[in-house]
Amino acid sequence: MAAEIHSRSPRGPVLLTKIPGHREHVTSACLIPREDGVITASEDRTLRVWLKRDSGQYWPSIYHTMSSPCSALRYHHESRKIFVGQDSGAVVEFLISDDFNKINFVKTYPAHQNRVTEIIYSPGPEWVISTGQDKFLTWMCTESGSLVGRHAFSSWASCLQYDEETKYAFVGDFAGQITLLKLEKDGCSVISNLKGHEGSISCLYWDPVQRYLFSGSSDHSIILWDIGGRQGRTLILQGHHDKVQGLCYLQLTRQLVSCSVDGGICVWNMDIEREEAPQWLESDSCQKCAQPFFWNIKQMWDSRTLGLRQHHCRKCGKAVCGKCSTKRSSYPIMGFEFQVRVCDSCYETIKDEE
């Protein structure tokens, strides 16, 4: 598995155009395939469809006002269906005309009790799958409008990806965990829990061809999870200075495009050989000096010492305390373009290798 960041390359993304018009934050936007068009949803409670005119500018062909701020958007081109998630927790379905100049209301799904964070439409079983800040994943039948299933999480679900073939759902949550579930008509089963981020999961991207799952987080990092390899392989990419808010993997060129809240865009070459990130080890005490962590009450009492905060070395994955991980270093071979926490012994190893 591989990745390389080219931050100093003269070649990069080229700005084609800007589409002004919304008065508040644009929560979601999507391109219309094979058309010079864009669909946007905003917290100003509007859903808009923009088409490119002969002048080269984009003008709204559809301007629809919703009853609540728009928080999520999903467009399915083959069926011309648009699903809009709202702050109220509802998911609203529309049908857009072939010329993209008119939309018709279809139905409203009472999917959540709080803000909708992500929507997926599965045309096979006719499900609209969504996550929300009410800590639920729900999937509802688009034919009947009834609830098919629901799964609760310990923290609010922030993002969602779905594999149409296997009916696997990947749900990232605010606690920094990714849950893999198998959705069925009569419920769901938890397949696995993926842990590796220190911050909340802000975005996910699933590539069904390579069977890679990419996750971005508020801890500024990206993790590639090799789901298809079934060997637990992971690769950490750290090239942002702020929360990662968007991911897209280009299968043809084997490039990953990521963007962050501070406006930074990174293009990663996924063909460069790199070392895989180690699994973070769990321990009740520092694996270097054996001092207890703050939840290890028994050892704290026996040794009459205060518990320490747990950290992890990015090179070896061991659970260490702050005193045993005072060093910081970049480690490009493992995807760390910036300085990260490493234990003191690994720091000496990195220094020798460099």
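Note that this is a predicted model, so its numbers are computed, not measured.
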Checklist entry - Hey, are His22 and Thr46 close enough side-chain-wise for a donor-acceptor pair under 3.5 Å? => result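 Short answer, yes.
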Checklist entry - Is a side-chain donor-acceptor pair under 3.5 Å present for Glu126 with Tyr121? => result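 Side-chain D/A pair, Tyr121 to Glu126: present.
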Kindly give the heavy-atom pair with the smallest separation between [X] and [Y], and that separation in Å.
X	Y	value
Thr27	Cys70	OG1-O, 2.9 Å
Thr117	Cys159	OG1-N, 4.4 Å
Ser130	Val116	CB-CG1, 4.3 Å
Gly239	Cys266	O-SG, 3.6 Å
Asp163	Pro208	OD1-CB, 3.8 Å
Pro292	Thr305	CG-OG1, 3.7 Å

Would you say [X] and [Y] make side-chain contact, with heavy atoms under 4.5 Å?
X	Y	result
Ser258	His240	yes
Leu183	Tyr162	yes
Cys141	Ser146	yes
Phe105	Glu93	no
Tyr109	Thr138	no
Met270	Gln210	no
Tyr331	Gln339	no
Pro123	Glu164	yes

What's the separation between atom [atom1] in [X] and atom [atom2] in [Y], rounded to the nearest 0.5 Å?
X	Y	atom1	atom2	value
Ser217	Ile223	OG	CD1	7.5 Å
Ile103	Arg80	CD1	CZ	14.0 Å
Arg115	Ser71	CZ	OG	4.5 Å
Arg74	Leu160	CZ	CG	8.0 Å
His220	Ser218	NE2	OG	7.0 Å
Thr65	Leu47	OG1	CG	9.5 Å

Taking atom [atom1] as the centre, does [X] end up with more than 12 heavy-atom neighbours from other residues, nucleotides or ligands that are less than 6.0 angstrom away?
X	atom1	result
Leu252	CG	no
Trp301	CH2	no
Lys81	NZ	yes

Look only at the side chain of [X] and the backbone of [Y], and say whether a donor-acceptor pair between them is shorter than 3.5 Å.
X	Y	result
Ser61	Phe100	yes
Ser158	Gly172	yes
His197	Gly216	no
Glu43	Pro69	no
Asp44	Arg23	yes
Asp284	Asn296	no
Ser28	Ala41	no
Ser155	Ala175	yes
Ser97	Lys102	yes

Checklist entry - Does Arg150 make a cation-pi contact with Phe136, if we ask for NZ or CZ under 6.0 Å from the ring centre and within 45° of the axis? => result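 Yes - Arg150 lies over the ring of Phe136, closer than 6.0 Å to its centre and within 45° of its axis.
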Side-chain heavy atoms under 4.5 angstrom apart, residues restricted to Ile, Leu, Val, Met, Phe, Trp, Tyr: same cluster for [X] and [Y]?
X	Y	result
Tyr75	Val106	no
Ile191	Trp206	yes
Leu256	Val244	yes
Val84	Val128	no
Phe170	Leu137	no

Checklist entry - Please walk me through it: do Lys315 and Tyr347 pass side chain to side chain contact (heavy atoms under 4.5 Å, CB included)? => result CA-CA 9 Å; Lys315 187 176 186 297; Tyr347 177 80; over 6 Å; no
Checklist entry - In terms of the angle between their ring planes, are His151 and Phe153 parallel, tilted or perpendicular, with boundaries placed at 30° and 60°? => result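 Geometry flag for Phe153 against His151: perpendicular rings.
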Checklist entry - When the ring planes of Trp139 and Trp127 are compared, do they come out parallel, tilted or perpendicular, using 30° and 60° as the limits? => result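 Tilted, since the angle between the ring planes falls between 30° and 60°.
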Item to check | Asn114 and Trp156: CA distance, side-chain angles, deciding distance, side chain to side chain contact (heavy atoms under 4.5 Å, CB included) verdict | outcome: CA-CA 10 Å; Asn114 208 328; Trp156 63 270; over 6 Å; no
Next on the checklist: Please determine whether side chain to side chain contact (heavy atoms under 4.5 Å, CB included) holds for the pair Ser154 and Lys135, giving the CA-CA distance in whole Å, both sets of side-chain angles, and the decisive distance to 0.1 Å.
Outcome noted: CA-CA 7 Å; Ser154 58; Lys135 305 179 182 180; over 6 Å; no
Item to check | Lys288: partners by side chain to side chain contact (heavy atoms under 4.5 Å, CB included), with sequence neighbours left out | outcome: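 Counting only residues at least two positions away or on another chain, Lys288 forms a side chain to side chain contact (heavy atoms under 4.5 Å, CB included) with Cys286, Lys318, Val320, Cys324, Cys343, Ser345.
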Next on the checklist: Can you pull out every salt bridge (charged side-chain N to carboxylate O under 4.0 Å, His left out) where at least one residue sits in residues 184-204? Sequence neighbours excluded, please.
Outcome noted: Glu198-Arg314
Item to check | Any pair counted as ring pair (Phe, Tyr, Trp, His ring centres under 6.0 Å), so long as it reaches residues 46-72, sequence neighbours left out | outcome: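 Non-adjacent pairs meeting ring pair (Phe, Tyr, Trp, His ring centres under 6.0 Å): His64-Phe94.
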Next on the checklist: Checking Ile62 against Ile39 for the side chain to side chain contact (heavy atoms under 4.5 Å, CB included) test, could you report, in this order, the C-alpha distance in whole Å, the side-chain angles of both residues, the deciding distance, and whether it holds?
Outcome noted: CA-CA 9 Å; Ile62 296 175; Ile39 305 174; over 6 Å; no
Next on the checklist: Under the side-chain contact (heavy atoms from CB on, under 4.5 Å) test against Ser285, which residue among Met300, Gln299, Gln310 passes?
Outcome noted: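 Single side-chain contact (heavy atoms from CB on, under 4.5 Å) partner of Ser285 among Met300, Gln299, Gln310: Gln299.
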Checklist entry - In terms of side-chain geometry, is the basic nitrogen of Arg45 or Glu24 positioned less than 4.0 Å from the acidic oxygen of its partner? => result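 So Arg45 does not pair with Glu24 through a salt bridge.
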